[in-house]
Amino acid sequence: MSRLLIRNGRVVDPSQGLDQGMDVLLEDGHVAAVAERLDAPARTEELDAAGLVVAPGFIDLHVHLREPGSEHVETIATGAAAAVAGGFTSVCCTGDTVPVNDGPTVTRFIRERAAAAALARVYPIGALSVGRNGEGMAEIGEMVREGAVAVSDSPRSVADAGLMRRVLEYCRSFDIPVVVHEEEGSLSGRGVMHEGELSTRIGLHGMPAAAEEVMVARDLLLAELTAGRLHLAHLSSAGSLGLVRMARRRGIDVSCEVAIHNLVLSDADVASSTYHPNWKTNPPLRSQADREALLEAVYDGTVDALVSDHSPCHSDEKDLDFNDAPSGVVGLETTVAVALDRLVHQRVIGISQLVRLLSTRPAEIFRLPGGTLKPGSPADVTLLDLRARITVDPTAFRSRSRNTPFAGQAFKGAPAATIVGGRVVWRRNGSVPATGGARAASPSRAGAKPGARSSRRSG
Amino acid sequence: MPVEAATSLARKDLVGIAPLTPEEIQLVLDTAEELLEVARRPIKKVPALRGRAVINLFMEPSTRTRFSFEVAEKRLSADTLNFSASTSSVTKGETLVDTARNLMAMAPDFIVIRHPNSGAPHRLAEIVPASIINAGDGINEHPTQALLDGFTMRRHFGYLEGLTVVIAGDIRHSRVARSNAFLLTRMGADVRFAAPASLLPLDVEKLGVSTHVRLEPALEGADVVMMLRIQRERSKESSFPSQREYFDFFALTQERLALARPGALVMHPGPMNRGVEIDSAVADGPQSVILEQVTNGVAVRMAILYLLAGGHGEPASHS
């Protein structure tokens, strides 16, 4: 029996309405108890969390890992290592690999690789269509049986409205969300940044916010028609959030996420980057007005989840010019620190609301284990040090890729340690005292190194 | 001219008009005026850039701009090397960064770059120590063209401030329109963009220009009418129905030109599509300064090379 007692932390768990000083006891991979003062049973390892926030493990619903196919850019193991180093205990990875994850074989392969890495939990998102070509439906049921938790053709849009309708309907049999990257290709055209004054000023082809919004509108209507579970990936424009609010007033069941870079950066950052592709994302960094509308939607609860949209790109690709370079930025190792600094310390939202966006709601909308510290739930815990000061150093990333717009920037607040299945899989140097201590009845195995046996299995 | 007047541009590169001050623009135009005279000499060469190496890196087809730069470089006695897309490894997928490093291994003092993608010269300028001169990047800027256009206008009117300049055609894809808008508004001219809205970029009024969706009202009171090339591909992407219809509604004809001020200049950066955006009678008419633009282009490019090189000595002197 392995036990870990997290003492003296500030437990923030919106699922139970908790935000107070408490102890948390983890036992055999599950939460055993949460109380103001717990005595350690025999053979219990202790972790002193004084001054730290203790939250249910963070879940990133939107990451691109590059295995199989582009292991030189990212593997499932390096992605999982980056996840835990960024405070995430679970990630959902898209199916845009080579080969595409459009059937049970690749889904099983991803699960097996993740189990071997024994770091973060990795939940595959299957492709929605065969080969992500937007024509025939992929073998959705077979993939769900192997552990897929959602389907998506991300980062491609589903151009065919008829296919979108049928997939929303079909997925009701498996009770999984349909995740969509919303972009009408004939409107985004050759666009490489947000279309507006700044794209006109710096002479890059723009993609209008309307390219996203017309597809959001279409899919909200299809969700109403089909009663399917629609999840809108990385919304970026004020208009999209307005459509989500309108749909909810009509009773349409929809969830949505926002990527951290769309919340803290805008097209002005593209304009001042000297055409550097590390500021090229899709959806693009939009106008200041859009960014403010996203912050508002995060504050008022319209947004369910905050994601990294971790998109590793090799430096060979980002050394191309802005037009030719692929879109995307890495985010697993920066998202939590950026959010603590720019959202919590800058008083956009409180810490409890951030935990809702990074844990409670992601678990609820994708029906994943975790997202709570209720007794009996998985022993996945993220510890945060709100006072830590970090400077982003891409050369120190666990990720194989370095394409971040935050290099060299300083942030206040950072993850301090990450616990998956009761095991401390990562800790920031110096931020958490070494495991053990006088109260430990005996040497413990709970803090064993990553790579040790794990009981990682999702429900 | 005051003794302490600047004789060089205090910058490494010319990547666009956007970063230039009115004083810098003025300096280029004044220097070009002095250099224009070199073309009238029997020996059309000065030693200002003797021993300096210039690489002309053209990753997009160009005839007049490339020739104009080469002539300018040769008249300044520079050593020139030409790379073009068909012979370079760029077409084989080499990254911009690698291209830059390979070029620097040849230690050029200048790289004149034409690139199909916006921002490529700006990125190159950050990576390499050589002076970068943008000879047109994507849909972004074509600064030497705008300078030669401004130079041509100034030679005719004596000033730019207060001139009314109509720029008509495919504004959305035009680096010439963008650079001219930056330059002319900075120098106090009134700039009017005229095109169907399907060929205008979003929010372009925020650059300080006015927009007109029909040519006729824009022409009223114009001192200069600059027509831009209409590319056949644009009708395929549904920006307008056909070249025939474009000509009927938006081309510069004798009748439409009569709406401008008497003696208004007709300009075109070339290459022209006769019978699409401009009628031959206008292109070859008495108000056309299209060939003068080409001549002036050499002097303006000489001025830019000379000023970026440090501007030592009299630009047009023999020794």
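Numbered from 1 within each chain, the chains take letters A, B, ... in sequence-line order.
- Contact count versus chain A (heavy atoms, under 4.5 Å) is highest, among B:Asp137, B:Asn117, B:Val97, for B:Asn117.
- If you tally non-hydrogen atom pairs under 4.5 Å between each of A:Leu204, A:Thr200, A:Asp324, A:Ile202 and chain B, the highest count goes to A:Thr200.
- Using a 4.0 Å cut-off between charged side-chain N and carboxylate O, B:Arg192 and B:Glu205 make no salt bridge.
- Looking at A:Asp316, the atoms closer than 4.5 Å to chain B (heavy atoms on both sides) all sit in the backbone: N, CA, C or O.
- Atom CD of B:Glu161 sits in a sparse spot, with 12 or fewer heavy atoms from other residues, nucleotides or ligands closer than 6.0 Å.
- A salt bridge is absent between A:Glu184 and A:Arg218; no separation between the charged side-chain nitrogens and carboxylate oxygens falls under 4.0 Å.
- A:Ser199 touches chain B through its backbone: at least one of N, CA, C or O sits under 4.5 Å from a heavy atom, while the side chain does not.
- Note on B:Gly119, B:Ala100, B:Pro116: by heavy-atom pairs under 4.5 Å with chain A, the leading option is B:Gly119.
- Ranked by heavy-atom pairs under 4.5 Å with chain A, the first of B:Lys206, B:Arg123, B:Glu141 is B:Arg123.
- Between B:His173 and A:His205, the ring planes lie tilted relative to each other; the angle falls in the 30° to 60° range.
- Remark: B:Arg301 is positioned above the aromatic ring of B:Phe69, its terminal NZ or CZ atom under 6.0 angstrom from the ring centre and at most 45 degrees off the axis.
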